[in-house]
**Q** 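Structure in structure tokens, see below.
We use all heavy atoms of the structure for the numbers below, so side chains are in, but hydrogens, waters and symmetry mates are not. Each chain gets a letter, A, B and so on, in the order its sequence line appears, and its residues count up from 1.
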Number of protein chains: 2
Amino acid sequence: MLMKTIPLHLPAEALHPQATACLSCEVRGNALFGVLDEHALGRVHAHIASQEALGDQAIYTAGRPGSAVYTVRRGIVRFERFTEGGARRIVRLAGPGDLIGQEALLGRPYAEEAVACTTVHLCRIPAALVMQMSHLEAQLYGALLVRWQKALEHAEDWVTDLTTGLARRRLLKLLGRIAGFEPTSDLIWLPRREEIGAMLDMSMETASRLVSGLKREGVLELMPPSHARMHRGRWRQALEEMDTY
Amino acid sequence: MLMKTIPLHLPAEALHPQATACLSCEVRGNALFGVLDEHALGRVHAHIASQEALGDQAIYTAGRPGSAVYTVRRGIVRFERFTEGGARRIVRLAGPGDLIGQEALLGRPYAEEAVACTTVHLCRIPAALVMQMSHLEAQLYGALLVRWQKALEHAEDWVTDLTTGLARRRLLKLLGRIAGFEPTSDLIWLPRREEIGAMLDMSMETASRLVSGLKREGVLELMPPSHARMHRGRWRQALEEMDTY
DNA sequence: CGAGCCGTTGAGGGGATTCAAGCTCAGTGG
DNA sequence: CCACTGAGCTTGAATCCCCTCAACGGCTCG
């Protein structure tokens, strides 16, 4: 494969369009290719496509042979699976800086469906590119392992936090997790009631009742569609009250 | 580091003690070092310690800086976490062929506590050994990635199967999973009721009622302590009855 | 304006929890 | 030998959390 190396100190106008995007990336520090130096980065950005997905749009679907991994730059992505009874279950969320679809690097089909929750900005990275880089850059392999372990710990955190105890506690935990994706603002993405149900294994009516309750208590201020303002102080207090019992 | 290379075609008596163990390993085909050829294997086995853990004995504890990963050769291992309320939650099981404690390869402390459920046979593999081998054997890196992805999928399967729906369905799913560790026999490990509770987020009384129910229906025949004979046909039938509703 | 989706709220029922008592069984010591 | 003990398990009764079924309101869109 032949590609032109572009010195990164040239003025922005002279850069490959994607190079500009990579340099100003919101998550460059903790993205997969963040471990690469500028020289190495110069060789890859032409192959990385910036792409966008609107809410409820699938990024990839379960079972499809994967040819790329994605870095989430902005927004929230959910992973969906189905029980044998046909019930939808959301098993994990991913946010800015997370790497999704790693199965593709092993030549495996995607294990679940990845769907955008909010508008999502992604970098599509061809699996072949990563695998060929890996032979050259030992650091990249290390970064991959770190990301895989992070995904694993997220999955286990999900079990401890979001499937344990009373419905109200699980909802509060979920809100904390979503708010963590938006640390600077208190305007958060609020899933549809049916989605909350799929994440926390409760009916959408229960989700609705609990959300309404939090609204009455001043923890949430609903801002339809799919958004809310969260009072972090009251949120923390509500959670502590649950955990003491 | 200096070590003697031992030709693997020598009679067993002349081999390094651990070499004999490695060659006759029950899970060599799908263990981490299974990707290595005999020559490479000859260089490592002296550093791998075979070890054994009895039921309820910790293999490693959460937060401890990890210096080794382990391959499970025999038995079942559980991973334990605690919710902020202090409730114990078992978040995953590992069985023969599984690699546990991968965090150690990243220089991270263990993320949770690993405890033997049954008597467990392990290979303790120093993290430093894997990391130094990795530079030499590209295949080993690939095998590592596969294992990490497998652990991730296990964790997500756990959410879809074991935290969804009625308590009876979750218990049946758990039994299927445990029976999967012992494909050739119908004598399975049956956790204590309190442990079942920690895996499926139910009280130990509920677990007891359900187990008793399955006993009455002839799905299980209890063989204390901590064992049972499972009638796989009736198990499958019971599960299908749940999933149709 | 009617259709359809999402969300809310109520009523009734059922599954799971909690509290509690009694059981089995291995181990201990009189 | 047998009472005593304690851990694990079982079972019952009352309570409660959550589900299901249902009706209704707000909103967008054809």
**Q** For S212(A), report the nucleic acid contact type (base, sugar-phosphate, nothing); a contact means any heavy atom under 4.0 Å.
**A**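 Sugar-phosphate, backbone atoms only, no base.
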
**Q** Starting from P on dC17(D), measure out to CG on L171(A) and report it in whole angstrom.
**A**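 Rounded to the whole Å, the gap is 16 Å.
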
**Q** Could you give the CG-to-C1' distance, from L214(B) to dT10(D), as a whole number of Å?
**A**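 Going from CG in L214(B) over to C1' in dT10(D) covers 15 Å.
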
**Q** It should be established whether T206(B) places a side-chain nitrogen or oxygen under 4.0 Å from OP1 or OP2 of nucleotide dA16(C).
**A**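 T206(B) to dA16(C) OP1/OP2: no side-chain N or O under 4.0 Å.
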
**Q** Side-chain contact, heavy-atom cut-off 4.5 Å: R88(A) with E195(A)?
**A**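 When only atoms from C-beta onward are counted, E195(A) and R88(A) do touch, with a gap below 4.5 Å.
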
**Q** Let me confirm one number: the CG-CG distance from L171(B) to L162(B), rounded to the nearest 0.5 Å.
**A**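 The distance works out to 10.0 Å.
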
**Q** Would you indicate which nucleotide in dC19(D), dT17(C), dG15(C) comes nearest to any side-chain atom of S203(B)?
**A**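 Closest nucleotide among those given: dT17(C).
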
**Q** dT20(D) P sits how many Å from R209(A) CZ, rounded?
**A**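 Between P of dT20(D) and CZ of R209(A): 11 Å.
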
**Q** Between M204(A) (CE) and dT8(C) (C1'), how many Å, whole number?
**A**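 Going from M204(A) (CE) to dT8(C) (C1'), I get 8 Å.
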
**Q** Flag the pair D201(A) / T163(A) as yes when at least one side-chain heavy-atom distance between them is below 4.5 Å, and no otherwise.
**A**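 Answer no - side chains too far apart.
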
**Q** Between P126(B) and R124(B), which heavy-atom pair has the shortest distance, and what is it?
**A**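 Result for this residue pair: CD-O, 3.7 Å.
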
**Q** How close or far is atom P of dG7(C) from atom CG of L220(A), stated in whole angstroms?
**A**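 In whole Å, dG7(C) P lies 14 Å from L220(A) CG.
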
**Q** Without decimals, in angstroms, what is the distance between E205(B) CD and dC23(C) P?
**A**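 Nearest whole value for this atom pair: 18 Å.
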
**Q** Please give, in whole Å, the distance from dA7(D) C1' to E195(B) CD?
**A**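 Distance, rounded to whole Å: 14 Å.
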
**Q** Examine dT10(D): is either OP1 or OP2 under 4.0 Å from a nitrogen or oxygen in the side chain of R193(B)? Give yes or no.
**A**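 It does, given that an N or O in the side chain of R193(B) lies less than 4.0 Å from OP1 or OP2 of dT10(D).
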
**Q** Under 4.0 Å, heavy atoms only, any strand: does M202(B) hit a base, just the sugar-phosphate, or nothing?
**A**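 Counting heavy atoms under 4.0 Å across all strands, the contact made by M202(B) is with sugar-phosphate only.
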
**Q** Looking at side-chain heavy atoms only, is the closest gap between F181(B) and T118(B) below 4.5 Å?
**A**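 No; the side chains remain at least 4.5 Å from each other.
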
**Q** Within the structure shown, what part of the strands sits under 4.0 Å from L222(B) by heavy-atom distance: base, sugar-phosphate, or nothing?
**A**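 Result for L222(B) = sugar-phosphate.
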
**Q** Provide, to the nearest angstrom, the distance between the NZ atom belonging to K215(A) and the C1' atom belonging to dT8(C).
**A**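 After rounding, the gap between these two atoms is 9 Å.
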
